[in-house]
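The model shown is predicted, which means the values in this text are computed figures rather than measured ones. Letters A, B, ... mirror the listed sequences (proteins, then strands); counts begin at 1. Just so it is clear, the values below take in all heavy atoms, side chains as well, and ignore hydrogens, waters and symmetry mates.
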Amino acid sequence: MKIVTWNVNSIKSRLPHVTAYLKAVSPDVLLLQELKCLEEAFPLNGLDEVGYHVALVGQKAYNGVGILSKRPVDVEYRILPGDAGDPQARYVEAVIQNARGIVRVASIYLPNGNPIETEKFAYKLAWMDRLIAHVRTLLTYEDPLVLGGDYNVCPTDDDVYDPEGFAGDALCHPETRARFRTLCYLGLTDALRAFHPQSGLYTFWDYQAGCWNKDQGLRLDHLLLSPQAADRLTASGVDKGPRGQEKPSDHTPVWCELADD
DNA sequence: ATGCCGGGCGAAGCCCGA
């Protein structure tokens, strides 16, 4: 079972890339972030063609997350618990049946948090606290669980092309990293790091200043697995291809493979 | 150099992202 996460930076602008990716890679599940449109404006044409079920939480112009799946999707949460008044479309969680049983997945678009002296950073930290509390509950179910998305966290300096330059940034801030560690220490496995311990492994390259051509990137997109999912993890990787295409997203897909037997 | 690029909105130029 192949599960992929991809921040597409506008699904309307990226639909050709996404449909081509689905046809070429044929993932069982594709977790999407930054749709930047309302659910009713999501361009479904082309996706039902290639045979995917779709679960969306949209918002006009900003944010927006989704789950595409070959198998039917039963949505469990359309907002991260802990603040019912949170208007930002950043979380969707669902249960997917497969031949082996169920897999629970979430598509996460964690707040960026810059600049750190503003309420944006406080919102990020509060959002991470809500995520920690919710995952603590989810882990008691003892299901295979895959929490994928754009976490807007570089977990360590190995995940940044310029650690000194990003030292005070919300992506790398000590309080951000401490919460990410707390999340992982609940018992989650970083699927990419499980197979690729080296530095210089990135999932995002800024559009500006030739970052892509200079390979000046950040590792922001993660797949965190519960023990029941990690036990089945057979491979993981970054698909850099889409980032090199015309009119790309600034993020590229990250994938993991779970054994089906 | 707080702009560089790119998307949304809405129809010019600003807000936002990371």
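Between Ser13(A) and dG8(B), a side-chain N or O to OP1/OP2 separation shorter than 4.0 Å is present. For the pair Arg14(A) and dG6(B), the criterion of a side-chain N or O lying under 4.0 Å from OP1 or OP2 is not met. For dC16(B), neither phosphate oxygen OP1 nor OP2 lies less than 4.0 angstrom from any side-chain nitrogen or oxygen of Tyr207(A). Between Lys247(A) and dG7(B), a side-chain N or O to OP1/OP2 separation shorter than 4.0 Å is present. For the pair Asn112(A) and dG17(B), the criterion of a side-chain N or O lying under 4.0 Å from OP1 or OP2 is not met.
Atom CG in Asn63(A) sits roughly 12 Å away from atom P in dC16(B) (whole-Å rounding). Distance, Lys36(A) NZ to dC15(B) P: 15 Å, rounded to whole Å. Protein atom CD of Gln88(A) is 18 Å distant from nucleotide atom P of dC15(B), rounded to whole Å. Rounded to an integer number of Å, the gap from CD of Gln59(A) to P of dG17(B) is 11 Å. Taking atom CH2 on Trp212(A) and atom P on dA18(B), their separation rounds to 18 Å, with Å as the unit. Between Asn7(A) atom CG and dA18(B) atom P there is a gap of 6 Å when expressed in whole angstrom units. For Tyr62(A) and dC15(B), the OH to P distance is 9 Å, given to the nearest whole Å. Note: CG (Leu35(A)) to P (dG17(B)) measures 16 Å, nearest angstrom.
Under the 30°/60° scheme for interplanar angles, the aromatic rings of Tyr91(A) and His134(A) are found to stand perpendicular.
Comparing the P positions of dC16(B) and dG10(B) gives a spacing of 14 Å, expressed to the nearest Å. Comparing dA1(B) with dC15(B), their P atoms sit 23 Å apart, to the nearest whole Å. Atom name C1', nucleotides dG7(B) and dA12(B): the rounded distance is 16 Å, in whole Å. Distance check on atom P: dG13(B) versus dC4(B) gives 14 Å, rounded to whole Å.
Closest to the Glu34(A) side chain, of the nucleotides dC4(B), dC9(B), dA18(B), is dA18(B).
Among the atoms of the strands shown, only primed sugar atoms or phosphate atoms (P, OP1, OP2) are found under 4.0 Å from some heavy atom of Asn152(A). Here Lys120(A) lies in heavy-atom contact (under 4.0 Å) with sugar-phosphate atoms only. Using a 4.0 Å heavy-atom criterion, one finds that Phe204(A) contacts the sugar-phosphate atoms exclusively. Note on Tyr109(A): only backbone sugar-phosphate atoms sit closer than 4.0 angstrom, heavy atoms only; bases stay farther off.
A donor-acceptor pair under 3.5 Å links the side-chain atoms of Thr252(A) to the main chain of Asp239(A), judged by distance alone. The main-chain N or O of Gln88(A) is found under 3.5 Å from a side-chain atom of Asp86(A) such that the two form a donor-acceptor pair. With hydrogens and angles disregarded, a donor-acceptor distance shorter than 3.5 Å links the side chain of Tyr207(A) to the backbone of Pro248(A). Not one N or O on the side chain of Thr189(A) forms a donor-acceptor pair closer than 3.5 Å with the backbone of Ala191(A).
Between Gln208(A) and Asn114(A), it is Gln208(A) whose nearest contact on DNA chain B lies nearer the 5' terminus. The nearest heavy atom of DNA chain B to Ala61(A) and to Asp169(A) marks one nucleotide each, and the one closer to the 5' end goes with Ala61(A).
Side chain to side chain, His251(A) and Gln33(A) fail the donor-acceptor criterion of an N or O pair below 3.5 Å.
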